[in-house]
4 protein chains.
Amino acid sequence: MTNRKQQREKILDAAFEVFGSKGYYEAKMIDIAKLAGVSKGTLYLYFSSKESLYIAVNNRSFDEFLYHAKRRTDECQTFHEKLYSIAKHHLLFFYETKKYPDSFWQAPHQMPEMMGRLHQFFEDYHGLVAKLIEEQKIKNAFLHSKAFCSMLNGYRMDIVSNDDITEEDIMNYAEFIVNLYIEGCYFES
Amino acid sequence: MTNRKQQREKILDAAFEVFGSKGYYEAKMIDIAKLAGVSKGTLYLYFSSKESLYIAVNNRSFDEFLYHAKRRTDECQTFHEKLYSIAKHHLLFFYETKKYPDSFWQAPHQMPEMMGRLHQFFEDYHGLVAKLIEEQKIKNAFLHSKAFCSMLNGYRMDIVSNDDITEEDIMNYAEFIVNLYIEGCYFES
Amino acid sequence: MTNRKQQREKILDAAFEVFGSKGYYEAKMIDIAKLAGVSKGTLYLYFSSKESLYIAVNNRSFDEFLYHAKRRTDECQTFHEKLYSIAKHHLLFFYETKKYPDSFWQAPHQMPEMMGRLHQFFEDYHGLVAKLIEEQKIKNAFLHSKAFCSMLNGYRMDIVSNDDITEEDIMNYAEFIVNLYIEGCYFES
Amino acid sequence: MTNRKQQREKILDAAFEVFGSKGYYEAKMIDIAKLAGVSKGTLYLYFSSKESLYIAVNNRSFDEFLYHAKRRTDECQTFHEKLYSIAKHHLLFFYETKKYPDSFWQAPHQMPEMMGRLHQFFEDYHGLVAKLIEEQKIKNAFLHSKAFCSMLNGYRMDIVSNDDITEEDIMNYAEFIVNLYIEGCYFES
DNA sequence: TATGAATGAGTGTTCATTCAT
DNA sequence: CATGAATGAACACTCATTCAT
């Protein structure tokens with residue numbers, strides 16, 4: 001029944017919000033239930049434990065993130081454009097989820113399954129970017145990819161904590177990072 | 001009494017290990033006490049709460065990190081050397097604390113004081129690096145600084161989870177990132 | 001409709017197995033439903049609660065047990081034969097239900113109705129045996145009856161937990177107890 | 001410190017009462033704590049779980065029961081006297097703990113450690129009685145022992161549920177069972 | 001009649017913190 | 001100063017029961 005799917009999504013949405021804004025440990029199952037408009041027991045009809053719900057939430061986000069990242073780069077032509085689309089997508093994700101600063105990209109180290117999944121996500125994401133870089137005949141594409149993505153990550157704290165940042169600022173950031181990556185630190189001189 | 005100072009340090013050392021390896025929430029006060037060789041009650045003679053102990057641990061690490069970062073760059077002459085010293089120091093810190101993967105650089109968002117202190121640390125650290133960059137007449141030095149430091153952060157997961165990485169690999173990473181930052185992605189071609 | 005009767009029996013059979021092997025508290029309604037091949041809701045169409053299902057299961061077992069006990073003694077002639085048929089029947093019941101070691105003969109004291117029913121069962125059973133004893137002009141037949149039946153009960157744990165026991169061993173046990181009861185402890189000398 | 005021992009005993013006493021009157025599953029840790037005059041948390045300073053508390057309670061009872069059973073038979077001379085002392089002790093135990101009808105002699109089958117301990121208790125108890133019987137050159141002393149003890153068990157329900165029973169009745173019961181065991185069913189004729 | 005999704009009261013257990021010694 | 005026994009609030013999870021379909 002499609003209803004079951006909908007219910008599951010409703011719970012995942014609520015869990016995304018609560019986990020995202022409070023972090024795993026401060027998030028309470030009862031809060032997720034209330035936000036989803038269901039009872040505590042219902043949560044356990046769809047997910048076997050708090051941990052597995054957390055993992056499911058993250059998995060969904062990972063998949064979505066990668067799906068859109070890929071789709072958008074595919075629509076671009078030049079190397080610069082492709083990197084720019086990655087950067088925009090990455091930073092906009094932070095921007096759009098700024099209310100949920102604890103949403104993934106980090107995981108309790110005591111949760112092996114989650115850590116594994118997180119690694120895999122980064123592997124996939126970096127692999128995606130590495131492919132673009134390889135096409136430029138650049139060596140060590142994976143190292144490059146990590147460096148590039150990490151620069152993007154570095155702006156998360158700004159985006160999350162600075163209320164004045166606009167979508168336009170995000171675009172400028174993205175442009176800046178792409179240029180810096182391609183041309184090196186003297187590019188604006 | 002210097003004894004009091006020593007006791008405090010012993011507790012901070014233990015707390016660093018336990019918080020660092022388990023994360024804030026999985027770390028138990030009793031474990032810290034045991035590792036420090038004192039009783040649970042004693043912890044509260046030196047720190048008013050788990051949270052304040054956590055903050056103290058991080059503060060000490062921040063200060064130490066910044067102190068050494070500054071000292072080492074001061075010993076260097078060229079821009080390249082200075083950046084390299086930052087990179088080495090940063091990555092070696094990850095390398096030397098790989099047993100404590102949860103040690104700071106991230107904080108529970110529900111802990112405002114800690115978040116503030118974390119912001120300040122990054123501000124200070126980025127400021128330090130920004131000064132080096134500014135000396136090169138590069139504009140937006142703070143943005144550059146964030147980008148540079150973020151690239152370094154990006155290798156943390158590798159360093160922490162890959163047991164085969166040697167100190168030599170760390171040096172190569174550092175060299176790589178400095179070159180990438182200065183010359184841009186085509187630097188090896 | 002006979003179908004309703006059949007369904008009820010199917011549920012009672014399943015409940016006998018589950019209550020018998022797990023005990024009242026560890027038995028779950030969902031397990032009973034699954035084993036009976038019906039839904040959880042259906043259970044409540046036939047029995048108003050877990051407790052009443054439990055009582056129904058026990059009642060059925062009590063009735064069956066007494067019915068056969070009576071039938072078999074009626075077929076015997078001598079006192080010895082009659083006691084032997086009781087003993088065999090009693091021990092064989094333990095033997096045949098050894099997979100369900102929690103099946104009744106004991107009840108949660110917090111379940112007054114069940115306790116009452118259990119008392120009644122013992123009253124009936126002891127009454128049955130007491131009648132045989134009275135025919136021998138033995139005084140205090142009810143006391144005798146309790147003593148005799150209790151000896152049989154005492155072998156339950158052996159029968160349930162010892163996998164090597166055969167049906168032949170059961171017969172020997174029965175014979176032993178009858179002799180002991182009739183002749184006293186020196187009967188084999 | 002002796003205080004720790006006292007506290008432990010206080011908790012065991014409370015647990016004996018609560019487990020004994022409600023049974024394992026209906027007994028609540030909070031009730032035990034209240035009766036012991038401590039907090040719920042304190043229970044866990046002395047026993048790691050509800051189950052281990054339950055086992056500890058039973059172990060204490062087993063040990064005490066066996067200790068006194070042995071001591072009393074040792075004081076007797078003749079076979080009849082020894083059996084009588086066993087019977088009195090056994091039935092008086094039921095009489096004195098009639099307020100705690102769920103107190104041991106039975107255990108949740110889902111609790112392997114407890115079941116094992118229960119088996120061992122019976123082994124020990126039957127062994128004790130078997131030794132007395134063996135001294136009479138009676139064969140299969142262990143079988144006899146089980147039969148004898150089981151007869152005693154059989155009066156538990158009467159003792160527990162019949163408020164009119166006096167200590168004198170208990171003595172008569174004991175005498176009756178010993179005679180029945182030694183002389184067989186026709187002993188009063 | 002039959003289903004099974006939904007409920008929510010109930011409980012064992014943990015652990016930061018306190019305080020009498 | 002130092003201890004560690006005691007506290008009790010807090011929370012994940014279970015499961016008998018209900019009821020809309």
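Below, chain A is the first sequence line, B the second, and so on; all start at residue 1. Just so it is clear, the values below take in all heavy atoms, side chains as well, and ignore hydrogens, waters and symmetry mates. Bear in mind the structure is a predicted one, so any value in this text is a computation, not a measurement.
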Regarding B/E9 and B/R60, does a basic nitrogen lie under 4.0 Å from an acidic carboxylate oxygen?
yes
Please state whether the rings of A/F121 and A/F62 are parallel, tilted or perpendicular, taking 30° and 60° as the class boundaries.
parallel
Rounded to whole angstrom units, what separation is found between the CD atom of D/Q6 and the P atom of F/dA6?
11 Å
Angle between ring planes, D/Y100 versus D/F16, binned at 30° and 60°: parallel, tilted or perpendicular?
perpendicular
Evaluation steps, side-chain contact (heavy atoms from CB on, under 4.5 Å), between D/T42 and D/Q7
CA-CA 9 Å; D/T42 301; D/Q7 194 82 327; 4.2 Å; yes
Could you tell me the Watson-Crick or G-U partner of F/dG8, where both distances fall under 3.5 Å? Say none if there is no partner.
E/dC15
Taking a pair as Watson-Crick or G-U wobble with both distances under 3.5 Å, which nucleotide is matched to F/dT21?
E/dA2
D/K22 has an atom NZ; how far is it from atom P of E/dG10, in whole Å?
14 Å
Using a 6.0 Å distance limit plus a 45 degree cone around the ring axis, check whether D/R4 lies over the aromatic ring of D/Y46.
yes
In this structure, how many angstroms lie between the P atom of F/dA9 and the NZ atom of B/K50, rounded?
19 Å
Could you run down the sub-3.5 Å N/O contacts of the protein with nucleotides 2-4 of chain E?
{"residue": "E/dA2", "atom": "OP1", "partner": "C/Q7", "partner atom": "OE1", "Å": "3.0"}
{"residue": "E/dA2", "atom": "OP2", "partner": "C/Y46", "partner atom": "OH", "Å": "3.2"}
{"residue": "E/dT3", "atom": "OP2", "partner": "C/S39", "partner atom": "N", "Å": "3.1"}
{"residue": "E/dT3", "atom": "OP2", "partner": "C/S39", "partner atom": "OG", "Å": "3.3"}
{"residue": "E/dT3", "atom": "OP2", "partner": "C/T42", "partner atom": "OG1", "Å": "2.5"}
{"residue": "E/dT3", "atom": "O5'", "partner": "C/S39", "partner atom": "OG", "Å": "3.4"}
{"residue": "E/dG4", "atom": "N7", "partner": "C/G41", "partner atom": "N", "Å": "3.4"}

Interatomic distance where CD belongs to D/E51 and C1' belongs to E/dG12 [whole Å]:
12 Å
Measure from NZ or CZ of A/K50 to the centre of the six-membered ring of A/Y44 and say whether it is under 6.0 Å with the direction within 45° of the ring axis.
no
For atom OH of D/Y44 and atom P of E/dT11, their distance in whole Å:
12 Å
Measure the distance from CZ on C/F47 to P on F/dT18 and round it to the nearest whole Å.
16 Å
Is the ring pair D/Y54/D/F19 parallel, tilted or perpendicular, if the boundaries are 30 and 60 degrees?
perpendicular
Looking just at side-chain N and O atoms, do C/R117 and C/N59 make a donor-acceptor pair shorter than 3.5 Å?
yes
Spacing of B/L43 atom CG relative to E/dC15 atom P, expressed in whole Å:
15 Å
Give me the ring orientation class for D/Y25 and C/Y25: parallel if the planes are under 30° apart, tilted from 30 to 60°, perpendicular past 60°.
parallel
Where along residues 23-35 of chain A does a heavy atom fall under 4.0 Å from DNA chain F?
A/A27, A/K28, A/M29
